[in-house]
A.B. asks: 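One structure, pasted below without further comment.
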Amino acid sequence: MANLNEHYRDLKDSYLFSEIAKRVDTFAKAHPEKKIIRMGIGDVTLPLAPAVTEAMHTAADELGKAETFRGYGPEQGYAFLREAIRDYYAKNGVRLQSDEIFVSDGAKSDVGNITDLFAVDNTVLVPDPVYPVYVDTNIMDGRRIIYMDANADNGFLPMPDRSVHADLIYLCSPNNPTGAVYSREQLAEWVAYALENRAVILFDAAYEAFIGDEGLPHSIYAVPGAEKCAIEFCSLSKTAGFTGTRCAYTVVPYALEQTAADGTLLSLNRMWNRRQTTKFNGVSYIVQRAAAAVFSEEGIRQAREAIAYYKGNAAVIAKTFDSLGFRYFGGLHSPYIWMECPDGMKSWDFFDLLLEKAAVVGTPGAGFGSNGEGYFRLTGFGSREQTEEAMQRMRALLG
């Protein structure tokens, strides 16, 4: 008989977004006449930028000719894309080597897969509320998890507690689900804590392109010393609408080393490279050419236009909540609005109310952790027309 990984029994019965989909599907079947507006899952709606699709067409044509055909590519990503990402970081004041950048099919995959590098006896520190993947992947492995409170009092930006020791630290800025953004000074405190504890920060920067304040860091590597204690994940899903195209990248600096049980230093860059070459065959050539186009001058301009559109939707939501007197966070440097449920309602109760009375779908904060109870996440990723219609319905229901 095959022995199973019984840690799966410690997971919640249903992944958050699967439960949302189930409830929405039930409602849609019972009310086919209702036009449902979905503002829950953070999926983009604008088409890929012209610079991106042109690059995809060109790459597809190359694969259709014997003289330019390509088969297996490098598991780490083609040099042209890694160099384009390196140069993009340089524009934000961060110097990387292209060999420190690993191209993948999604930040979610990498955030889950990075745990392959760490022993199960590590203590993991995660914020609450939190993106579920950080927690679930460590539960699957059986690691000890410590939660740090992210709440209205600290602006949903928890800071280090020197009395607590952790080996792995998950941070996300701009944050999903709250939209909160760490300052350079705050990240410097986290880097100092990690260096003191010989810990590794797993920094999710998937929404960095939404930052509109030059004083806020786009990368944890804007903080000196972070290269010795942090791995950074980023994605083109929200930066350039690649949710269906699938392309992301993870930065593992050469300077990041940890001491093994026998006292030798191990390079996490080499370990991740070994893991990827064993378990991953790389991202398709067509997608990588498309991704490289994102970092061209024209691609960056077009991507920023789309981001500005989504941030405009978030501003519509924020304006509505201001008029209704609702307390909320995020939206300024993030596509997410993290609102406090009215009248002290529970998150799932508010979800059901909005769905049944207004046919508007959001994400219950309780699905992100105990501190998310009483909060609700809405996204700016819909169309402007749908966003405005959803706000009209909410105003009619709750005003």
A.B. asks: Mind checking the OG1-CG spacing from T115 to D110? Nearest 0.5 Å is all I need.
C.D. replies: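 If we round to the nearest 0.5 Å, T115:OG1 and D110:CG are 11.0 Å apart.
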
A.B. asks: Other residues, nucleotides and ligands only: do more than 12 of their heavy atoms fall within 6.0 Å of CZ on R274?
C.D. replies: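 Atom CZ in R274 is not packed in, count stays at 12 or less.
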
A.B. asks: Only pairs at least two apart or in different chains count here, so list each ring-ring contact (aromatic ring centres under 6.0 Å, His included) that has a residue in residues 116-140.
C.D. replies: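 Every ring-ring contact (aromatic ring centres under 6.0 Å, His included) pair that includes a residue of residues 116-140, provided the two are not neighbours, is Y131-Y134, Y134-Y170.
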
A.B. asks: If we ignore hydrogens and angles and just use 3.5 Å, is the side chain of R246 paired with the main-chain N or O of D105 as donor and acceptor?
C.D. replies: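 Side chain of R246 to backbone of D105, a donor-acceptor pair under 3.5 Å: yes, one is there.
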
A.B. asks: Do N175 and S173 have side-chain atoms, one donor and one acceptor, less than 3.5 Å apart?
C.D. replies: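 Their side chains do not contain a donor-acceptor pair, so the 3.5 Å distance test is not met.
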
A.B. asks: Applying salt bridge (Lys or Arg N to Asp or Glu O under 4.0 Å), which residue pairs with at least one partner in residues 291-317 are found, sequence neighbours left out?
C.D. replies: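 Qualifying pairs: E298-R301, R301-E305.
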
A.B. asks: Minimum heavy-atom separation for M159 to Q186, with atom names?
C.D. replies: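 Looks like CE-O, 3.4 Å.
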
A.B. asks: Please write out which residues are connected to Y309 in a hydrophobic cluster, directly or through intermediates, given that two of Ile, Leu, Val, Met, Phe, Trp, Tyr count as joined at side-chain heavy-atom separations below 4.5 angstrom.
C.D. replies: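 For the cluster that includes Y309, the remaining residues are V44, L46, Y207, F210, I307, Y310, Y336, F381.
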
A.B. asks: Mind jotting down which residue pairs meet the side chain to side chain donor-acceptor pair (under 3.5 Å) criterion with at least one end in residues 145-155? Sequence neighbours excluded, please.
C.D. replies: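 For residues 145-155: D149-N371.
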
A.B. asks: Identify, with sequence neighbours excluded, every residue that meets side chain to side chain donor-acceptor pair (under 3.5 Å) alongside E196.
C.D. replies: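 R162.
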
A.B. asks: Would you please test E389 and R393 for salt bridge (Lys or Arg N to Asp or Glu O under 4.0 Å) and show each step?
C.D. replies: CA-CA 6 Å; E389 172 65 22; R393 294 183 192 181; 3.0 Å; yes

A.B. asks: What residue pairs, at least two apart or across chains, pass side chain to side chain donor-acceptor pair (under 3.5 Å) with a residue in residues 51-64?
C.D. replies: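 Checked against side chain to side chain donor-acceptor pair (under 3.5 Å) - neighbours excluded - the pairs reaching residues 51-64 are E62-Y285.
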
A.B. asks: How does the hydrophobic cluster around L332 look, that is, which other residues are in it when side-chain heavy atoms under 4.5 Å mark a link?
C.D. replies: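 Reading the cluster by chain and number, L332 sits alone, since nothing else belongs.
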
A.B. asks: In chain order, what residues pass the salt bridge (charged side-chain N to carboxylate O under 4.0 Å, His left out) check against R275, with sequence neighbours excluded?
C.D. replies: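 R275 satisfies salt bridge (charged side-chain N to carboxylate O under 4.0 Å, His left out) with D116 only.
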
A.B. asks: Does any non-hydrogen side-chain atom of L353 lie less than 4.5 Å from one of L397?
C.D. replies: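 In contact.
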
A.B. asks: Can you pull out every side chain to side chain donor-acceptor pair (under 3.5 Å) where at least one residue sits in residues 32-50? Sequence neighbours excluded, please.
C.D. replies: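 Matches after skipping sequence neighbours: D43-T243.
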
A.B. asks: Please state whether the rings of F102 and W272 are parallel, tilted or perpendicular, taking 30° and 60° as the class boundaries.
C.D. replies: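 Perpendicular, since the angle between the ring planes exceeds 60°.
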
A.B. asks: Looking only at heavy atoms, what is the nearest atom pair of A180 and L157, with distance?
C.D. replies: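 Closest pair (atom of A180, atom of L157, distance): CB-CD2, 3.5 Å.
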
A.B. asks: Could you tell me if the side chain of D10 sits less than 4.5 Å from the side chain of H7, heavy atoms only?
C.D. replies: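 In contact.
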
A.B. asks: Exactly one of R23, K346, K357 should register a salt bridge (Lys or Arg N to Asp or Glu O under 4.0 Å) with D352. Which one does?
C.D. replies: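 The option that passes is R23.
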
A.B. asks: Who are the side-chain contact (heavy atoms from CB on, under 4.5 Å) partners of E257, not counting sequence neighbours?
C.D. replies: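 E257: side-chain contact (heavy atoms from CB on, under 4.5 Å) contacts with L265.
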
A.B. asks: Taking only residues at least two apart or on different chains, which pairs with a member in residues 320-330 satisfy side chain to side chain donor-acceptor pair (under 3.5 Å)?
C.D. replies: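 Counting only pairs at least two positions apart or across chains, the side chain to side chain donor-acceptor pair (under 3.5 Å) contacts touching residues 320-330 are D322-Y328, S323-R395.
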
A.B. asks: With a cutoff of under 4.5 Å between side-chain heavy atoms, which Ile, Leu, Val, Met, Phe, Trp and Tyr residues group with V120?
C.D. replies: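 When side chains under 4.5 Å apart are linked, V120 ends up in no cluster with other residues.
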
A.B. asks: Do the non-hydrogen side-chain atoms of D213 and H333 ever get within less than 4.5 Å of each other?
C.D. replies: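 In short, these two side chains touch, coming nearer than 4.5 Å.
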
A.B. asks: Taking atom types as modelled, find out whether E232 and S219 have a side-chain donor-acceptor pair closer than 3.5 angstrom.
C.D. replies: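 There is such a pair between these side chains.
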
A.B. asks: Is the shortest heavy-atom distance from the side chain of E227 to the side chain of L256 under 4.5 Å?
C.D. replies: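 A side-chain contact is absent here, since even the closest heavy-atom pair is not under 4.5 Å.
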
